[in-house]
Number of protein chains: 2
Amino acid sequence: MTTQHMREPTLAGIHAAAAKIAQILPETPLLPLEVHGTTIWCKAEVLQPVGAFKIRGAWHRLSDLTAAEAAKGVVGVSSGNHAQGVAWAARRLGIPAIIVMPVDAPKVKLEATAAMGAQIVTYDRPGGEDRDEAAAKVLAETGGTLVHAYADPWVIEGQGTAGLALAAQMETQAGGGPTRIVTPCGGGGLTAGLALACPQAEILPVEPEGWDDIGRSLATGTIQKVAADAPTTPCDALQTPATREINFAILKQRCPRALWVSPAEVAEAQRLAFRQLRLVVEPGGAAALAAVLAGKAPVDGRTAVMLTGGNTDAAAFAKVLAG
Amino acid sequence: MTTQHMREPTLAGIHAAAAKIAQILPETPLLPLEVHGTTIWCKAEVLQPVGAFKIRGAWHRLSDLTAAEAAKGVVGVSSGNHAQGVAWAARRLGIPAIIVMPVDAPKVKLEATAAMGAQIVTYDRPGGEDRDEAAAKVLAETGGTLVHAYADPWVIEGQGTAGLALAAQMETQAGGGPTRIVTPCGGGGLTAGLALACPQAEILPVEPEGWDDIGRSLATGTIQKVAADAPTTPCDALQTPATREINFAILKQRCPRALWVSPAEVAEAQRLAFRQLRLVVEPGGAAALAAVLAGKAPVDGRTAVMLTGGNTDAAAFAKVLAG
């Protein structure tokens, strides 16, 4: 497997990433929303061209590859949003991309990734195939560069640009930067990036019910895995088996705890975003809003909530609306 | 009825409105969308706090009332989006607001208007009650100021600020201002405002099938009414009986023709906005995108499309997604 670039992610790196991203992507809006009588600030990353924040980290990583690395292509592993981020950046930079995706990823994510010209290799998540093994096989064949969905300094820095942006937007719109950022959390790439970008804010990661490995890791001080018998969850974007040291080193410093939300709480948040913000938010993307709505995350007038992704099949969303 | 302020709307008035609006509302994003191999530019007015562009004209009008006028309150007539714009501005300025709404307006619009503290008076549209008569009765009782949904110079100027904004955004994002703006059209308030704001652009209004009074007015050179036996349409926001002289004077100079779209074409556009932009767009708000998708509006790389509103009931939207 290609050597991983195991430098530490830094705030300077986030600023460098932000400068590059500002050249190609207009900033996503920060939308006010009144919840329980308090205005919270929703960062609408669902409005990125690929429908998720993942485009930030992918662009920072791919645009920093050397010409020799770029020629051998990149390999991403993802249930769909990181996949689309890598595919989007690769197409724009003319880099071949292979994406390893679970065979049961939402159809809308599989189709959009393929439409951007990436080659897709599927693995059977329910059947127990290991996604890292599937990726290692592709990497051995191509000599390409793995763009990990969260355990990569560039990816962490790229995702952190969302934190820089929301802090600047809150200065203008809310009269001051964020005191707290509530964010959906899978592997911890975005969470670590936000923590680095916003050193003054409390960072609260939110996981799906039964997928609380980050919460247990924070409680025990060592990285814990998701239980083998974890329940099914609508939050496909947050189904990561465990965080990694590069992420956890930051999380354990900056996150006092993690929260978890039930499928019903997630659906309620999706309906609120539909009705009040006119946004399509996928289950995993609505996890942080769900925690706020359910009263699990405290709020003040300077609490930011990440709406991280909006890629969901029409039939699944219609079912949520009917609920 | 209170004397209407029958000055002409002007570009200077649009600039004055824009300066006021910039103080209270962050700009809505301009989102690129690839259609038939060409990138079009979608102005996401569904992301306004009330879910529609109507907040612009309402704010410009209400914030220019004299203290004496403000004390007597305002009266709006609307199927829901103008209602919410007026109610939002009135609450923020501490002005009493009465809104005359059709009894069959979408529930989400009735509820949101009431939630903002406006008093609602309903009239029976299918039963043939005249909305102008209903409004006249309220105005006679209160001595308040009518804030017409489109035949008002402030309202036209306020809506025109969306044109100024999108032109500036296209300079940055598309490398030049709009050559063409395709917009949903009811009474012609937004259409007239865009025409004034963007003198270099072709302005193409889009109406619902059977509600083509603007198209027939442009073809004949005189204001025509919607036929008494007009079909039902999902585009409640565009169900206006006829335009007025203050609007038509601009439209007949600047719009070569109008387009119309079917309910099926509108639903297709709503589904595309769901899937590609992660936006909830109501039927009337999707009319211009529908015309582009159906190949009825020509496009180039500098065509702007207005997504004007996103207030739709969950059940109605779920049905569209299932279609």
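Quick note on labels: first sequence line is chain A, next is B, and so on, each numbered from 1. Heavy atoms only: backbone and side chains are in, while hydrogens, waters and symmetry mates are out.
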Verdict with reasoning, Met306(A) to Glu45(A), per side-chain contact (heavy atoms from CB on, under 4.5 Å): CA-CA 7 Å; Met306(A) 301 299 300; Glu45(A) 288 291 294; 4.1 Å; yes
Let me have the donor-acceptor pairs involving side chains of residues 314-323 of chain B, under 3.5 Å, with sequence neighbours excluded, atom names and distances please.
none

Can you tell me how far the CD atom of Glu111(A) sits from the CE atom of Met116(A), to the nearest 0.5 Å?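 One gets 12.0 Å once the value is rounded to the nearest 0.5 Å.
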State the CG-CD distance between Leu293(B) and Gln270(B), to the nearest 0.5 angstrom.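 Going from the CG atom of Leu293(B) to the CD atom of Gln270(B) covers 11.5 Å.
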Is there a donor-acceptor contact under 3.5 Å linking the side chains of Arg302(A) and Thr179(A)?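 No, because no side-chain N or O of Arg302(A) sits under 3.5 Å from a partner of the opposite role on Thr179(A).
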Contact part of Leu47(A) toward chain B, heavy-atom cut-off under 4.5 Å: side chain, backbone, both or neither?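 Leu47(A) touches chain B through backbone and side-chain heavy atoms alike.
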Taking side chain as everything from C-beta outward and backbone as N, CA, C, O, which of these in Thr28(A) sits under 4.5 Å from a heavy atom of chain B? Side chain, backbone, both or neither.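 Nothing of Thr28(A), per the 4.5 Å heavy-atom cut-off to chain B.
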Can Arg56(B) and Glu27(B) be counted as an ion pair, charged N to O under 4.0 angstrom?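 Yes, Arg56(B) and Glu27(B) are salt-bridged.
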Is there a donor-acceptor contact under 3.5 Å from the side chain of Asp300(B) to the main chain of Thr303(B)?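 The answer is yes, because a donor-acceptor pair under 3.5 Å joins these two groups.
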Go through it in stages, so that I can follow the logic: the residues are His36(A) and Val299(A), the test is side-chain contact (heavy atoms from CB on, under 4.5 Å), and I'd like the CA-CA distance, side-chain angles, deciding distance and then a yes or no. CA-CA 9 Å; His36(A) 307 317; Val299(A) 291; 5.6 Å; no
Going by residue number, which parts of residues 89-97 of chain A are within reach of chain B, meaning a heavy-atom gap below 4.5 Å?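 At a heavy-atom separation under 4.5 Å, chain B is reached by no residue of residues 89-97 of chain A.
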Among residues 160-173 of chain A, which residues come closer than 4.5 Å to chain B, judged by heavy atom distances?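 Near chain B, by residue number: Gln173(A).
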When Leu31(A), Val50(A), Asp313(A) are compared by non-hydrogen pairs under 4.5 Å with chain B, the top option: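 Among Leu31(A), Val50(A), Asp313(A), the one with the most close pairs to chain B is Val50(A).
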All N/O donor-acceptor pairs, side-chain side in residues 278-287 of chain A, below 3.5 Å, sequence neighbours left out:
residue   : atom : partner   : partner atom : Å
Arg278(A) : NE   : Asn311(B) : OD1          : 3.0
Arg278(A) : NH1  : Gln276(A) : O            : 2.7
Arg278(A) : NH1  : Pro49(B)  : O            : 3.4
Arg278(A) : NH2  : Asn311(B) : OD1          : 2.8
Glu282(A) : OE1  : Asn81(A)  : ND2          : 3.4
Glu282(A) : OE1  : Lys109(A) : NZ           : 2.7
Glu282(A) : OE2  : Asn81(A)  : ND2          : 2.9
Glu282(A) : OE2  : Gly310(A) : N            : 3.3
Glu282(A) : OE2  : Asn311(A) : N            : 3.0

Pick from Leu277(B), Leu30(B), Leu33(B), Val46(B): which one has the most heavy-atom pairs with chain A under 4.5 Å?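 Option with the greatest count: Val46(B).
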Go through Cys185(B) and Leu190(B) one step at a time and tell me if the side-chain contact (heavy atoms from CB on, under 4.5 Å) criterion holds. CA-CA 7 Å; Cys185(B) 185; Leu190(B) 174 62; over 6 Å; no
Evaluate the criterion side-chain contact (heavy atoms from CB on, under 4.5 Å) for residue pair Val108(B) and Phe274(A); output intermediate values, then yes/no. CA-CA 11 Å; Val108(B) 69; Phe274(A) 163 87; over 6 Å; no
